[in-house]
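Working notes, beginning with the structure itself.
Small disclaimer: the values here were computed from a predicted structure and weren't measured. As a basis for the values below, the full set of heavy atoms in this structure was taken, side chains included, without hydrogen atoms, waters or symmetry mates.
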Amino acid sequence: MGLSEELFDRAVKVIPGGVNSPVRAYGAIGIAPRFIDRADGCHIYDVDGKEYVDYIDSWGPMILGHNFPEVKESVLKACEKGLSFGCATAIEVEMAEFICDHIPHVDMVRMVNSGTEAVMSAVRVARGFTGKNKVIKFAGCYHGHSDAMLVSAGSGVMTSGVPDSAGVPKGCTEDTMTAVYNDLDSVRALMEQADGQTAAVIVEAVGANMGVVPPKKGFLEGLRKLCDEYGALLIFDEVITGFRLAFGGAAEYFGVTPDLVTYGKIIGAGMPVGAYGGRREIMELVSPVGKVYQAGTLSGNPIAMAAGLTQLKYLYEHQGIYKDLEEKGKRLYGGMEKILAEKNLPYHINHVSSLGSLFFTEQEVVDYTSAKSSDTKAFSEYFKGMLAQGIHMAPSQFEAMFLSVAHTDEIIDQTLEAVRNYFTK
């Protein structure tokens, strides 16, 4: 038994499921999770000393690679002053100014501690601004684990095979309506049904929690028009796509402007953090200046702000990174498509820039239903086969692969060879 297995045996006695985030569980795969000891660049190393090429990137924020020198140095320097004060600090102002100065659709921003908090707060302020209660989300999109957002959610909820969650009172979800991703008619029908009471439409601009599902041409633009027509706010959940597809996120990448946007751990370079922001007249409703209450004791934590601001500044000053990530995505995901074609396998690859997924289904994957047609047992075998070759991916058919600056062409080609080896067996 390796140390990872030993740790898992210990963990299940004191942590439900043996892990603090169920999405890290390998239960559906049938093996114990790898317990990671350290990371550097595009590699992670488990407690048994095994090296893996990492395509999780801490679920996105390690866009510059693990242990990036400038980020690490900023954290160490900030730690010398203390870890947390529960008071205002200069660096949280600097972070907010930087975001508002460089993201055109964000006039004001509030820091929180996770993507879940960011979404929960953005929905609350949307309701406060519009005076309406109904919220439209999309099946397969994941917006954190607040009660109302767990209706037909993606991510770990799909992985576990549970569409919603026990413990969520019915009254918490009555105002949450679920549309079909990439289907504007389903959104209009719900808006009509809501009879003028739709406060907001919230969407992952790229579906990235049912595997990667790109928006069809005109879908995001159509949502913008529908929201304007029915007096609802458009919220882009950019916890995954923010500062990754482009510096301005999916909003810049697709050229569609949301009213509110939510960000996650990428603005903390992997530290626990989130944020929500948008138009000034909306955000000025947030307490203490407005009547929409939201607060967090450790929001704007100086260590997280130091790490995040360093990463955002680096990304802004080196925006050629985004073109580089596009090319890396074409090399990896395009290479996987060629291998599937060579082997006459009917599976599908979806990708947008550095985000991608291999779906074990013959169907084109455009929404939650088509994503769920995937053969999860086939994915499990693929995952184990790749892990045995030193390739570390999300242990779920319904999670994305992430590329970083640290993934070189040589590493990508080695990964493609591992894919070829697996499908040649």
Taking atom CD as the centre, does Glu229 end up with more than 12 heavy-atom neighbours from other residues, nucleotides or ligands that are less than 6.0 angstrom away? yes
Under a 3.5 Å cutoff, is there a donor and acceptor pairing between the side chains of Asp40 and His66? no
Can you give me the closest heavy-atom contact between Cys141 and Met210, atom names plus distance? SG-CE, 4.4 Å
Going by side chain to side chain contact (heavy atoms under 4.5 Å, CB included), Phe138 matches just one of Leu223, Asp237, Asp367. Which one? Leu223
Within-4.5 Å side-chain heavy-atom neighbours: Val47 and Ile36: no
How far apart are the closest heavy atoms of Met111 and Gly300, and which atoms are they? CB-N, 3.8 Å
Quick one: does any side-chain atom of Asn67 pair with a main-chain N or O of Gly41 as donor and acceptor, under 3.5 Å? no
Side chains of Arg188 and Tyr230: donor-acceptor distance under 3.5 Å anywhere? yes
Give the minimum heavy-atom separation between Ala122 and Ile235, together with the two atoms involved. O-CD1, 4.1 Å
Between Leu325 and Ile321, is a side-chain contact (heavy atoms from CB on, under 4.5 Å) present by the stated rule, with each step listed? CA-CA 6 Å; Leu325 287 172; Ile321 282 171; 3.9 Å; yes
Tell me, do Ile303 and Ser84 make a side-chain contact under 4.5 Å, heavy atoms counted? no
Is the shortest distance from a Lys or Arg side-chain nitrogen in Arg279 or Asp107 to a carboxylate oxygen in the other one below 4.0 Å? no
Atom of Ala307, atom of Ala269 and distance for their closest heavy-atom approach: O-CB, 3.6 Å
Counting C-beta onward and ignoring hydrogens, is there a side-chain heavy-atom pair between Glu410 and Gln414 closer than 4.5 Å? yes
Does Phe85 CZ have over 12 foreign heavy atoms under 6.0 Å away? yes
Does the ring center of Tyr52 lie less than 6.0 Å from the ring center of His43? no
Centroid-to-centroid, Tyr181 to Tyr368, below 6.0 Å? no
Under 4.5 Å between any side-chain heavy atoms of Phe236 and His105, yes or no? no
Determine, step by step, whether Met95 and Leu312 satisfy the side-chain contact (heavy atoms from CB on, under 4.5 Å) criterion, reporting the C-alpha distance in whole Å, the side-chain angles of both residues, the deciding distance to 0.1 Å, and the verdict. CA-CA 9 Å; Met95 170 67 96; Leu312 294 191; 3.8 Å; yes
Please confirm whether the backbone N or O of Ala406 pairs with a side-chain atom of Ser404, one donor and one acceptor, at under 3.5 Å? yes
Are His407 and Tyr55 near enough that their ring centres are under 6.0 Å apart? yes
Within-4.5 Å side-chain heavy-atom neighbours: Ser114 and Val273: no
Walk me through whether Met336 and Leu340 qualify under side-chain contact (heavy atoms from CB on, under 4.5 Å). CA-CA 6 Å; Met336 292 171 71; Leu340 294 179; 5.6 Å; no
Quiz question: by atom type and distance under 3.5 Å, do the side chains of Thr310 and Ser74 form a donor-acceptor pair? yes
Could you check whether atom NZ of Lys384 has more than 12 heavy atoms from other residues, nucleotides or ligands sitting under 6.0 Å from it? yes
Is there a donor-acceptor pair closer than 3.5 Å between any side-chain N or O of Glu51 and the backbone N or O of Gly390? no
Measure across Pro33 and Val19 and return the closest heavy-atom pair with its distance rounded to 0.1 Å. CG-CG1, 4.0 Å
Validation row: Ile103, Phe247 side chains within 4.5 angstrom (heavy atoms): yes
Main chain of Gly278, side chain of Asp259: is a donor-acceptor contact present, judged purely on distance under 3.5 Å? no
Any sub-3.5 Å donor-acceptor pair from Glu204's side-chain atoms to Val239's backbone N or O? no
Atom CD of residue position Glu317 - does it have more than 12 heavy atoms of other residues, nucleotides or ligands inside 6.0 Å? yes
Could you check whether atom NZ of Lys343 has more than 12 heavy atoms from other residues, nucleotides or ligands sitting under 6.0 Å from it? yes
For Glu92 and Thr89, indicate whether the former's side chain and the latter's backbone hold a donor-acceptor pair under 3.5 Å. yes
Would you say that Leu387 contacts Ile31 through its side chain, given a criterion of any heavy-atom pair below 4.5 Å between the two side chains? yes
Residues Arg244 and Glu238 bridged, charged N to O under 4.0 Å: no
No-hydrogen, no-angle side-chain donor-acceptor test under 3.5 Å, Ser121 and Arg110: no
For the side chain to side chain contact (heavy atoms under 4.5 Å, CB included) test, which of Leu3, Leu7, Asp48 pairs with Phe35? Leu7
With a 4.5 Å heavy-atom cut-off, do Arg34 and Tyr26 have their side chains touching? yes
Ring centers of Tyr382, Tyr422 separated by less than 6.0 Å: yes
Flag the pair Glu327 and Lys330 as a salt bridge only when some basic side-chain nitrogen lies within less than 4.0 angstrom of an acidic carboxylate oxygen. yes
Using the ring centroid of each side chain, check whether Tyr314 and Phe68 are separated by less than 6.0 Å. yes
For Glu362, I'd like to know if atom CD has over 12 heavy atoms of other residues, nucleotides or ligands within 6.0 Å. no
Looking only at non-hydrogen atoms, find the nearest pair between Ser353 and Leu245 and report the distance. CB-CD2, 3.9 Å
I would like to know whether Glu342 and Arg420 meet salt bridge (charged side-chain N to carboxylate O under 4.0 Å, His left out); could you show each step before the answer? CA-CA 10 Å; Glu342 289 171 9; Arg420 188 183 304 277; 2.5 Å; yes
